[in-house]
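Worksheet: the structure to be examined is printed underneath.
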Amino acid sequence: VGRIDWHTDLAYVPVPNRGALIYGVENPPEGGMTGFIDRQATYAALSDDMKRKIEGLSVIQSWRYAQEGIAKNPSFRTDEGAKMLALDKFPDLAWPLVYAHPVNGRKVLNVPPMWASGIVEMPGEEGRKLLDELIRHSLQPDFIYWHQYKPGDAVLWDNWRQMHAASG
């Protein structure tokens with residue numbers, strides 16, 4: 001479907017998947033990379049003041065919010081893709097802005113730009129400003145790894161920990 005912004009898979013459903021796997025079969029002439037961000041590393045790099053400020057807050061993960069970006073992707077505009085764009089398909093969900101990884105217990109910063117539309121406890125501009133600050137923090141180049149596939153590569157990631165994007 002071309003370029004896809006930074007996200008976690010299925011953040012807009014009550015039980016997101018735990019991980020995903022991509023297997024490289026054929027390389028496109030250009031692009032075709034998957035980017036990864038370790039959300040435990042982004043949390044660990046926050047200042048102690050910011051960690052205190054965001055503890056206990058909830059981020060709104062919104063299918064409706066994501067549709068603005070998805071709808072602009074010309075590669076996604078197929079008949080099947082258009083059906084998936086139904087705005088009432090999934091209601092907004094609130095998830096912890098910071099949560100403990102269910103396996104290793106380390107804290108994860110949960111601000112996937114594709115879905116994160118607001119902060120429950122800070123409605124309006126104040127919450128959006130904080131969310132944008134956390135997203136900018138997460139998207140710093142030092143946190144990003146882009147994988148350029150070769151045929152036969154198999155890449156598996158932890159959806160509870162990683163955020164990812166497609167380069168197109």
Side-chain angles (χ1 to χ4, degrees), residues 1 3-22 33-73 87 89-149 153-168:
V1 297
R3 185 188 178 288
I4 303 173
D5 199 7
W6 293 100
H7 65 284
T8 56
D9 288 341
L10 301 172
Y12 48 86
V13 299
V15 182
N17 64 324
R18 294 181 181 182
L21 171 72
I22 294 180
M33 296 183 292
T34 303
F36 297 95
I37 294 175
D38 181 341
R39 298 181 301 147
Q40 288 179 354
T42 61
Y43 177 80
L46 290 171
S47 70
D48 289 341
D49 285 344
M50 180 60 81
K51 288 175 184 176
R52 281 189 292 278
K53 181 176 183 175
I54 64 176
E55 191 66 37
L57 298 180
S58 303
V59 61
I60 301 166
Q61 307 278 20
S62 176
W63 174 258
R64 180 179 297 273
Y65 177 78
Q67 296 318 299
E68 294 174 23
I70 292 171
K72 293 175 188 172
N73 180 347
L87 293 178
K89 191 166 185 157
F90 301 101
D92 290 354
L93 293 174
W95 291 98
L97 189 61
V98 175
Y99 62 85
H101 189 282
V103 174
N104 66 25
R106 291 179 57 202
K107 291 191 176 183
V108 174
L109 180 59
N110 188 23
V111 291
M114 188 172 183
W115 314 118
S117 67
I119 297 176
V120 173
E121 298 83 1
M122 300 171 80
E125 190 176 320
E126 178 188 20
R128 186 69 241 179
K129 185 177 174 185
L130 176 59
L131 200 51
D132 289 344
E133 180 180 353
L134 293 168
I135 289 170
R136 276 191 308 278
H137 166 79
S138 296
L139 299 182
Q140 293 178 76
D142 287 349
F143 295 128
I144 298 173
Y145 164 73
W146 285 98
H147 186 76
Q148 178 67 59
Y149 294 89
D153 281 358
V155 176
L156 173 70
W157 68 89
D158 177 351
N159 193 54
W160 291 342
R161 179 176 177 166
Q162 303 294 134
M163 190 164 43
H164 58 283
S167 67

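Since we're looking at a predicted model, the values are computed, not measured.
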Where [X] and [Y] come nearest, the two heavy atoms and their spacing:
X	Y	result
N17	G19	ND2-O, 2.8 Å
D158	W160	OD1-N, 2.9 Å
K51	L46	CE-O, 3.4 Å
A116	R128	O-NH1, 3.1 Å
V111	S138	CG2-OG, 3.6 Å
A41	F143	O-CE2, 3.8 Å

When rounded to the nearest 0.5 angstrom, what distance separates [atom1] in [X] from [atom2] in [Y]?
X	Y	atom1	atom2	value
T42	I37	OG1	CD1	7.5 Å
R3	S167	CZ	OG	9.0 Å
E121	I54	CD	CD1	11.5 Å
R161	Q40	CZ	CD	4.0 Å

For [Y], is there any backbone N or O sitting under 3.5 Å from a side-chain donor or acceptor partner on [X]?
X	Y	answer
R39	N159	yes
W6	M163	no
W95	A11	yes

> Going through the distances and angles, do V155 and T34 end up as a side chain to side chain contact (heavy atoms under 4.5 Å, CB included)?
Replying inline: CA-CA 9 Å; V155 176; T34 303; over 6 Å; no
Distance-only polar pair, side chains of [X] and [Y], donor-acceptor under 3.5 Å:
X	Y	value
H164	D9	yes
D92	S62	yes
H147	Y149	no

>> If you apply the rule side chain to side chain contact (heavy atoms under 4.5 Å, CB included), what do you find for E55 with K107, and how did you get there?
In response: CA-CA 10 Å; E55 191 66 37; K107 291 191 176 183; 3.2 Å; yes
> After noting the C-alpha distance and the side-chain angles of L134 and L97, does the key distance pass the side chain to side chain contact (heavy atoms under 4.5 Å, CB included) rule?
Replying inline: CA-CA 10 Å; L134 293 168; L97 189 61; 3.9 Å; yes
> Is it the case that more than 12 heavy atoms not belonging to K129 sit under 6.0 Å from its NZ atom?
Replying inline: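 Not more than 12 within 6.0 Å, no.
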Minimum side-chain heavy-atom gap [X]-[Y] below 4.5 Å:
X	Y	answer
W63	W115	yes
V98	Y43	yes
M122	L131	no

>> Assess the residue pair I22 and W157 against the criterion (side chain to side chain contact (heavy atoms under 4.5 Å, CB included)); give the C-alpha distance rounded to whole Å, side-chain angles, the decisive distance to 0.1 Å, and a yes or no.
In response: CA-CA 9 Å; I22 294 180; W157 68 89; 3.7 Å; yes
> Can we say K53 and D49 salt-bridge, meaning some charged N sits less than 4.0 Å from an Asp/Glu carboxylate O?
Replying inline: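 D49 and K53: not salt-bridged.
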>> Holding to salt bridge (Lys or Arg N to Asp or Glu O under 4.0 Å), I want the full list of residues that pass it with D142, two or more places apart in sequence or in another chain.
In response: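 Partners of D142 by the salt bridge (Lys or Arg N to Asp or Glu O under 4.0 Å) criterion come out as none, since no residue qualifies.
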